[in-house]
Undergrad: 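Input: one structure, supplied below.
Proteins come first, then strands; the chains are lettered A, B, ... in the order of their sequence lines, and each starts at number 1. It should be emphasised that the depicted structure is a prediction, and the values quoted were computed from it without experimental measurement.
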Amino acid sequence: MSWPEHPPEVERTEYTTGGGKPKGGAGSRGGAEDDRRILLVDCDMFFVQVARLADPDGAGATPYLLVGGSATGRGVVTSASYDARPYGVRSGMSTARALRLCPAATVVPVPREECGRRSRMVRRSLEALAPVVEAASVDEFYLDLTGTERLFGGESLAETARRIRRRILEETEISVSVGGGTRKLVAKLAAEVAKPGGVHVVPAGGEERFVRGCELSRIPGIGPTLLAELEKRGLRSPDDVLAVEERWLEEWVGPRRAHWLRERLRGVDPSPVLPRGERKSVSAERTFHEDLTDRGTLGSHLQRLVLSVGRDLRSRGVRARTVTVKIRTRDFRTRTAARTLSEAVESDGALAAAARSLLQELLGRIRGPVRLLGMGASNLTREGDAAQIPLLPREADESPRERAVSRIMDDLRNRFGDEALFPAGIIPPGPTTSRPGKGDGEKP
DNA sequence: TCTGGGGTCCTAGGACCC
DNA sequence: TCTGGGGTCCTAGGACCC
């Protein structure tokens, strides 16, 4: 059974809101009358699945698989196989510690390209099955099926979810779990219940009871900081939070967050399922194997980051007006410096010029070695978009020649590989830049 | 237990303009 | 010399997500 190209009788819920932010304004409440049919399709341990598909004999052969950074360096676990989790391994944990907990485990690097490929496969399959698809991340997709009841012959949301699950597995070899309900928040939490490889749908009207039954830490938007803030006040469950007088909550976490929190815990979430718009920023960063002090070395690393970000910008056909440089020191403090240029740029030369002076500025502000260096570009505009007319004549941030040079370099790298050219002063890929897909995990 | 890399969104303060 | 309010843009930092 497949989805017609343009389902005529689908009545889409129309939303006028711009960003899909959970503003919770008085106008658009997700009240009891909310009868949307929303699914969250969540790939099971996505990186582990993809690593196994990409390397069936290596990663695919061991039950205890950790996907993530190197074991000897400062890497962390991005995803751990279900067999490894009973040992206490969690994503975000340092790989070294994970290996202490589960010594039998194999570590492999994240297969980035293959992850992108499989993610696009899943998205395309879903787009053929539902009228509105929002890619929330590489491995999570919201579907809005509101109005499809007749089209699907009265099929229940849970039946639809199971059908979609089977279909995705057939078409992409990726196993997913599916959560469903009338709101994104509820669908998301339901998917946790559905894992691994199952389906869970919360019936309309049961939202508040369902959310109240969840742990606070599982509610999207409640992170470690807010959690600790609430715990400090003795609030450990949704019921605890909802029992507290509103004015106290407002005093503790601020009026806006207090309101947001109460709405969420009552299962209210009016945010619409919206296909993702344009990218807002592009960045690259690097944590060093050992903290760095030498400014020349830092400069070379910065240049590498510039090349990566510049190429990313150009491949997307966008230009950036704001350049940001970020450093993290040994004490884990992060500092950023940003500059907005008078016109948007895309060439490595223009990006590098801005980045270099920002790095100097940052190095003047800190003492001691640098743990991480990052570089980002934001304030993006499409190439074709009308450029702002400068009010006064000024020096250009970027010449047509600089743009042309960068594009030629992209072309050469695309044809002959990343290592084809490294302008003087650039640190070539070192031993820490391991290549995915070879052998049994990485040992730099 | 020593914390990756890619993002998004929010807040707060200052500059500047009207 | 004292005194506005609002709007927009920019910067820095931080919370959060996967």
Undergrad: Please determine whether a side-chain nitrogen or oxygen atom of A/R276 lies at a distance below 4.0 Å from atom OP1 or OP2 of B/dT8.
TA: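 For B/dT8, neither OP1 nor OP2 has a side-chain N or O of A/R276 closer than 4.0 Å.
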Undergrad: Listed by chain and number, what are the salt bridge (charged side-chain N to carboxylate O under 4.0 Å, His left out) partners of A/D239, not counting sequence neighbours?
TA: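 Only A/R212 meet the salt bridge (charged side-chain N to carboxylate O under 4.0 Å, His left out) criterion with A/D239.
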Undergrad: Can you list, pair by pair, the side-chain donor-acceptor contacts under 3.5 Å of residues 358-380 of chain A, counting residues two or more places apart and other chains?
TA:
| unit_1 | atom_1 | unit_2 | atom_2 | d |
| --- | --- | --- | --- | --- |
| A/R365 | NH2 | A/T336 | O | 2.9 |
| A/N379 | ND2 | A/T322 | OG1 | 2.8 |

Undergrad: Report the residues that fulfil side chain to side chain donor-acceptor pair (under 3.5 Å) with A/E134, sequence neighbours left out, ordered by chain and then residue number.
TA: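 Only A/K184 meet the side chain to side chain donor-acceptor pair (under 3.5 Å) criterion with A/E134.
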Undergrad: Would you tabulate the pairs of protein nitrogen or oxygen atoms and nucleotide nitrogen or oxygen atoms of nucleotides 12-16 of chain C closer than 3.5 angstrom?
TA:
| unit_1 | atom_1 | unit_2 | atom_2 | d |
| --- | --- | --- | --- | --- |
| C/dA12 | OP2 | A/A338 | N | 2.6 |
| C/dG13 | OP2 | A/T336 | N | 3.0 |
| C/dG13 | OP2 | A/T336 | O | 3.4 |
| C/dC16 | OP1 | A/G223 | N | 3.1 |
| C/dC16 | OP1 | A/L226 | N | 3.1 |
| C/dC16 | OP2 | A/P224 | N | 3.4 |
| C/dC16 | OP2 | A/T225 | N | 2.8 |
| C/dC16 | OP2 | A/T225 | OG1 | 2.9 |

Undergrad: Start at the 5' end of DNA chain B and walk down; is the nucleotide closest to A/A284 or to A/R100 reached first?
TA: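 So the residue in question is A/R100.
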Undergrad: Please report the distance, rounded to the nearest Å, between CZ in A/R279 and C1' in B/dT8.
TA: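 So the CZ-C1' distance, A/R279 to B/dT8, works out to 11 Å.
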Undergrad: Is any side-chain N or O of A/K184 closer than 4.0 Å to OP1 or OP2 of C/dC17?
TA: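 Checking A/K184 against C/dC17: no side-chain N or O falls below 4.0 Å of OP1 or OP2.
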Undergrad: Within this structure, what is the NZ-to-C1' distance between A/K326 and B/dG4, rounded to whole angstrom?
TA: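 Going from NZ in A/K326 over to C1' in B/dG4 covers 10 Å.
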Undergrad: For a quick test of reading the model: is some side-chain N or O of A/R328 closer than 4.0 Å to OP1 or OP2 of B/dG4?
TA: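 True: A/R328 side-chain N/O within range (under 4.0 Å) of B/dG4 OP1/OP2.
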Undergrad: Reckon A/R371 has a side-chain N or O less than 4.0 Å from the OP1 or OP2 of B/dT3?
TA: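 Yes, such a contact exists.
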Undergrad: Is there a side-chain contact between A/S137 and the phosphate of B/dG7, meaning an N or O under 4.0 Å from OP1 or OP2?
TA: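 For A/S137, the contact criterion (side-chain N or O under 4.0 Å from OP1 or OP2 of B/dG7) is not met.
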Undergrad: Tell me which pairs pass salt bridge (Lys or Arg N to Asp or Glu O under 4.0 Å) where either residue lies in residues 347-356 of chain A, with sequence neighbours left out.
TA: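 Counting only pairs at least two positions apart or across chains, the salt bridge (Lys or Arg N to Asp or Glu O under 4.0 Å) contacts touching residues 347-356 of chain A are A/R314-A/D348.
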Undergrad: Less than 6.0 angstrom from the centroid, inside 45 degrees of the normal: does A/R330 satisfy that with respect to the ring of A/F332?
TA: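 Relative to the ring axis of A/F332, which defines the angle, A/R330 lies outside at least one limit.
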Undergrad: Between atom NE2 in A/H289 and atom P in B/dG5, what is the gap in whole Å?
TA: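 It works out to 12 Å between those atoms.
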Undergrad: Find the distance A/L313:CG to B/dG6:P and express it as a whole number of Å.
TA: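 Between P of B/dG6 and CG of A/L313: 13 Å.
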Undergrad: Distance check: side-chain N/O of A/K280 vs OP1/OP2 of B/dG7, anything under 4.0 Å?
TA: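 Checking A/K280 against B/dG7: no side-chain N or O falls below 4.0 Å of OP1 or OP2.
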Undergrad: Could you work out, with side chain to side chain contact (heavy atoms under 4.5 Å, CB included) as the rule, every residue matching A/T225, not counting sequence neighbours?
TA: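 For A/T225, no residue satisfies side chain to side chain contact (heavy atoms under 4.5 Å, CB included) once neighbours in sequence are set aside.
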Undergrad: Could you give the distance separating C/dG4 and B/dC16 at their C1' atoms, to the nearest angstrom?
TA: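 After rounding to an integer number of Å, I get 16 Å for this pair.
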Undergrad: Look at the side-chain N and O atoms of A/R97 and state whether any lies under 4.0 Å from the OP1 or OP2 oxygen of B/dC2.
TA: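 Looking at the OP1 and OP2 atoms of B/dC2, neither is under 4.0 Å from any side-chain N or O of A/R97.
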Undergrad: Nearest 0.5 angstrom please: A/F46 CZ to A/C115 SG, how far?
TA: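 One finds 5.0 Å between CZ of A/F46 and SG of A/C115.
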Undergrad: Compare the minimum distances between each of B/dG7, C/dC10, C/dC18 and the side chain of A/V282, then state the nucleotide with the smallest one.
TA: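 Nucleotide nearest to A/V282's side chain: B/dG7.
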Undergrad: Quickly work out the A/E134 CD to B/dT8 C1' distance and round it to whole Å.
TA: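 Going from CD in A/E134 over to C1' in B/dT8 covers 12 Å.
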Undergrad: Under a 4.5 Å cut-off applied to non-hydrogen side-chain atoms, are A/F288 and A/R286 in contact?
TA: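 Heavy-atom side-chain distance check passes, below 4.5 Å.
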Undergrad: Apply side chain to side chain donor-acceptor pair (under 3.5 Å) to A/R316 and list each qualifying residue two or more places apart in sequence or on a separate chain.
TA: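 By the side chain to side chain donor-acceptor pair (under 3.5 Å) rule, A/R316 matches A/D312.
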Undergrad: Salt bridge check: are A/E127 and A/R123 linked by an N-O gap of less than 4.0 Å?
TA: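 A salt bridge is present here (some side-chain N lies under 4.0 Å from a carboxylate O).
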Undergrad: Establish, with yes or no, whether the OP1 or OP2 oxygen of B/dT1 is under 4.0 angstrom from a side-chain nitrogen or oxygen of A/S94.
TA: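 No, outside the criterion.
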Undergrad: For A/D312 and for A/R74, find the nucleotide of DNA chain B with the closest heavy atom, then tell me which residue's nucleotide is more 5'.
TA: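 Checking each residue's closest nucleotide, the 5'-ward one belongs to A/R74.
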Undergrad: Nearest to the side chain of A/T287, heavy atoms from C-beta on, is which of B/dG6, B/dT8, B/dG4?
TA: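 My answer, after comparing the listed nucleotides, is B/dG4.
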Undergrad: If pairs are Watson-Crick or G-U with both distances under 3.5 Å, what is the dot-bracket string of DNA chain C, marking crossing pairs with [ ] and pairs to another strand with |?
TA: ....||||||||||||||
Undergrad: Give the rounded distance in Å between these two atoms: CG of A/L99 and P of B/dC2.
TA: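 About 12 Å, once rounded to whole Å.
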Undergrad: Nearest whole angstrom, please: distance from the P of C/dC17 to the CZ of A/F47.
TA: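 Roughly 16 Å, once rounded to whole Å.
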Undergrad: Could I get the full list of ring pair (Phe, Tyr, Trp, His ring centres under 6.0 Å) partners for A/Y87, not counting sequence neighbours?
TA: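 A/Y87: ring pair (Phe, Tyr, Trp, His ring centres under 6.0 Å) contacts with A/Y64.
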Undergrad: Hey, is A/F332 stacking on B/dT3? Ring centres under 5.5 Å, planes under 30°.
TA: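 Here the ring of A/F332 and the base of B/dT3 are stacked, with centres under 5.5 Å and planes under 30°.
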Undergrad: For A/D44 and A/S177, which I'm curious about, is there any donor-acceptor pair between the side chains at under 3.5 Å?
TA: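 Note: A/D44 and A/S177 side chains meet the donor-acceptor criterion.
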Undergrad: Look at A/R321 and C/dC9 and indicate whether a side-chain polar atom (N or O) is within less than 4.0 Å of OP1 or OP2.
TA: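 Looking at the OP1 and OP2 atoms of C/dC9, neither is under 4.0 Å from any side-chain N or O of A/R321.
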Undergrad: What nucleic acid atoms does A/A96 come within less than 4.0 Å of, heavy atoms only: base, sugar-phosphate, or nothing?
TA: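 Counting heavy atoms under 4.0 Å across all strands, no contact is made by A/A96.
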Undergrad: Could you check how far OH of A/Y142 sits from P of C/dC17, rounded to whole Å?
TA: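 From A/Y142 OH to C/dC17 P: 11 Å.
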Undergrad: Taking the side chain of A/V76 as heavy atoms from C-beta outward, which of B/dG6, B/dC2, B/dG4 is closest to it?
TA: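 For A/V76, the side-chain atoms sit closest to B/dG4.
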Undergrad: Output all residues satisfying salt bridge (charged side-chain N to carboxylate O under 4.0 Å, His left out) with A/R403, sequence neighbours left out; order by chain, then residue number.
TA: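 Result, salt bridge (charged side-chain N to carboxylate O under 4.0 Å, His left out) vs A/R403: A/E398.
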Undergrad: Does anything in residues 77-93 of chain A come within less than 4.0 Å of DNA chain B? Heavy atoms only, and list the residues if so.
TA: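 Within this stretch, A/T78 sit under 4.0 Å of the strand.
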Undergrad: If the condition is side chain to side chain donor-acceptor pair (under 3.5 Å), which residues does A/S406 pass it with, not counting sequence neighbours?
TA: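 So A/S406 forms no side chain to side chain donor-acceptor pair (under 3.5 Å) with any residue.
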